[in-house]
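Comments concern the structure below.
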Amino acid sequence: MLKPKQWRVQPTLSPLELAGFGDLHPILAQVLYQRGFTAPPEAAAFLNGDLTARDPFKLHGMAKAVARIRSAIKRREKIVVYGDFDADGVTSTTLLVSVLRALDADVQPYIPHRVDEGYGLNDAALIGLAKRGFKLCITVDCGIRSVHEVETANAHKLDMIITDHHSVGAEVPPALAVINPKQAECKSGEPMLAGVGVTFRLAQALMKVARDQDRRELPLQDSDLLDLVAIGTIADLVPLNRPENRALVMRGLAELHQARRLGLRALMKAAGIAPETTDAMSIGFGIAPRINAAGRLESAMQAYHLLMAEDDADAAERAAELNRLNTRRQDLTREMQEHARKVAALDSDVPLIFAADSAFVQGIVGLVAGRLTEEFYRPSIILHRGKEESHGSCRSIPEFNITEALDQCADLLLRHGGHAQAAGFAIHNDNLPAFHERILALAAAHLSGRDLQPTLDIDAEVRLSQITFALYEALQTLEPCGNSFPQPILCARGLRVVQSRAVGTDSAHLQLRLSDGSQSIKAIAFGFGKYAADLPPVLDAAFQVSLNAWNGEQSLQLTIKDLRPSG
């Protein structure tokens, strides 16, 4: 039997409200209006990716950071860029190292090993860098909660500049400069940048001063960096309904269409992505997972070296290796998900899914947690249990801020950090029982007694006669879509099932032809194959409008997001 989600259908705009949008397609106008772009000029600016030039020096701490970096370059001090092992961190590291080298800095990258060192700054690495003669460490996409580690660096005469975008803790690290748009003192205008977005602003500031004050001609332009910004921004799931993020991604996609960076060109080829067709989806499902696979299973430096490749043969070899790692990552995720089902309590009444086991692969626990949260609509915590300490990854639902919950367990944790719906932590095994008890109690207090069911936001209700190529092309102008700005979902009611059959591997999917009495259309419902035998004869359908190309011909079809009995 169908298990539909809760539908939240947005009301239809009045003729007067629609009139203000002029010649804009009425359904496109409705989508924009319901997503907060109620003024036609604001909606047009958002669609076009218009963005007033941002002054990077409005970011709190920027002036101090630039002054210290310029001093280090002038005095030929050794600089290290300390990144994170995910796609946001790797693109941030690549971007800043590239810019510093263009400015003639003596700079090297450092990305910690996920298993051996864990996320973020660690004492051993910082002490080692100081002993190797580094005088300045610039973090990218990490460090905002590393108070103790920055104190360690300071004690070893290693100056610290923190650039990050994660949630700010109760205490800010005592670094020489801290650049994070989520700081209360920051008046930059956009607190929701990705780590690579913050890094890009630092790069802009450095290049601006070099051009304006030093009158230097640089081998890099701002636009040369935007391919990296687009990848990191989409991969880290920052909101794309924010005009600044949207504009950066739009410009980055234009750069990716040129595929001028050898490593990315090779990676696209390995992933079967034509550069000129690269969009947010191909980044999210093709490019970013391959970059992430390096840090999940081996070393993120493999992905860094690919992005920095200067030779076609080297780039092709490195891209093939990331492709291999990504395939292995997919296999491991499936295996670990099944193992988590055996280890975790998956009762429908449990407020939070929790599983700790030495068999979990540390680089995969976040993916497993994400899949369980998606399937059961509960917060999930999956831990790789080590001999003395364990490393966990959390995924959550909008009703439960997982980072705030970890803050309330901070006395039991070695370190932690993240966002409202995704976070990570390290914990000594002696504290695991107490942590498990407390986090379950916090989840129960927030979630027990609530009807926890995923909600599907539907932008507009339509008739099948409105599903036209003009509508499809209008909705395409909303791209890039992603986190907080998904591809629009429409619904139609009272559709008769003319044809239906299960298709695909293990008959996992459902192919349909639906009719409203005057018009019919093909539809594909991924993951709905199990309902093929007992579909009701008349359905309400929630869907996205997609293009189906076959034998040189194009037709429209519905990509089903949810089905429920009509009425």
Side-chain angles (χ1 to χ4, degrees), residues 69 79-114 137-143 161 163-165 179 193-207 218-236 238 248-249 251-253 255-256 258-268 270-271 278 283 287-296 298-312 314-319 321-322 325:
I69 293 168
I79 302 171
V80 61
V81 174
Y82 193 119
D84 184 23
F85 37 61
D86 67 0
D88 191 14
V90 173
T91 51
S92 298
T93 305
T94 305
L95 189 155
L96 190 55
V97 170
S98 299
V99 169
L100 290 173
R101 286 180 178 168
L103 295 170
D104 301 323
D106 182 359
V107 59
Q108 294 296 325
Y110 187 93
I111 301 177
H113 192 279
R114 184 189 292 263
C137 176
I138 310 167
T139 76
V140 290
D141 192 35
C142 64
I161 293 172
T163 80
D164 201 352
H165 73 125
I179 303 173
L193 289 170
V196 73
V198 179
T199 306
F200 177 63
R201 294 305 182 209
L202 173 59
Q204 280 187 309
L206 288 166
M207 292 194 293
L218 300 177
L220 278 177
Q221 301 299 318
D222 293 10
S223 59
D224 297 325
L225 309 170
L226 288 169
D227 54 350
L228 299 172
V229 177
I231 292 170
T233 298
I234 290 170
D236 216 57
V238 296
L248 289 172
V249 170
R251 286 157 175 73
L253 287 172
E255 289 298 313
L256 284 165
Q258 305 301 314
R260 291 184 293 165
R261 193 178 300 272
L262 295 185
L264 285 177
R265 186 191 306 163
L267 192 61
M268 290 180 200
T278 305
I283 290 175
I287 296 172
R290 286 166 169 79
I291 293 173
N292 278 327
R296 291 189 187 282
E298 293 186 5
S299 168
M301 289 301 293
Q302 291 172 266
Y304 165 83
H305 288 305
L306 169 74
L307 296 180
M308 295 290 278
E310 297 181 352
D311 174 80
D312 282 325
D314 179 50
E317 184 177 339
R318 293 184 183 280
E321 176 61 12
L322 292 197
L325 288 174

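Reckoned from all heavy atoms, side chains included, excluding hydrogens, waters and symmetry mates. What you see is a predicted model; the values in this text were computed from it and never measured.
- Of all heavy-atom pairs between R114 and G295, the closest is NE-O, 3.1 Å.
- The CG atom of L225 lies 4.5 Å from the CG atom of L95; values are rounded to the nearest 0.5 Å.
- Closest heavy-atom contact between T163 and V140: OG1-CA, 3.4 Å.
- Shown here for Y110 and V80, the closest heavy-atom pair between the two residues is CB-CG2, 3.6 Å.
- L306 has its side chain out of reach of R290: every pair of non-hydrogen atoms, C-beta onward, lies at least 4.5 Å apart.
- Contact of the R251 side chain with the S223 side chain is not registered, since no non-hydrogen atoms from C-beta on lie closer than 4.5 Å.
- Using a 4.5 Å heavy-atom cutoff, the side chains of I283 and T278 are in contact.
- The shortest side-chain heavy-atom distance between R101 and M308 falls under the 4.5 Å cut-off.
- In this structure, R318 contributes its side chain and L307 its backbone to no donor-acceptor pair below 3.5 Å.
- In this structure the side chain of L248 reaches within 4.5 angstrom of the side chain of L193, judged on heavy atoms.
- When atom types are taken as modelled, the side chain of H113 and the backbone of E298 share a donor-acceptor pair closer than 3.5 angstrom.
- In this structure, the side chains of L100 and I138 come closer than 4.5 Å at one or more pairs of heavy atoms.
- In this structure the side chain of L267 reaches within 4.5 angstrom of the side chain of I291, judged on heavy atoms.
- The pair R260-D227 does not meet the salt-bridge criterion, since no charged nitrogen lies less than 4.0 angstrom from a carboxylate oxygen.
- When all heavy atoms are compared, the tightest approach of A203 to V99 is CB-CG2, 3.8 Å.
- Between the side chain of D141 and the backbone N or O of G89 there is at least one donor-acceptor pair closer than 3.5 Å.
- Counting heavy atoms from C-beta on, the side chains of P112 and Y82 come closer than 4.5 Å.
- In terms of heavy atoms, M207 sits closest to L220 at SD-O, 4.0 Å.
- Of the listed residues (D86, T94, T93, D88), just one forms a side chain to side chain contact (heavy atoms under 4.5 Å, CB included) with V90, and that residue is T94.
- Considering only residues two or more places apart in sequence or on other chains, D311 meets the salt bridge (Lys or Arg N to Asp or Glu O under 4.0 Å) condition with none of them.
- The distance from atom CD1 of I231 to atom CG of L226, rounded to the nearest 0.5 Å, is 11.0 Å.
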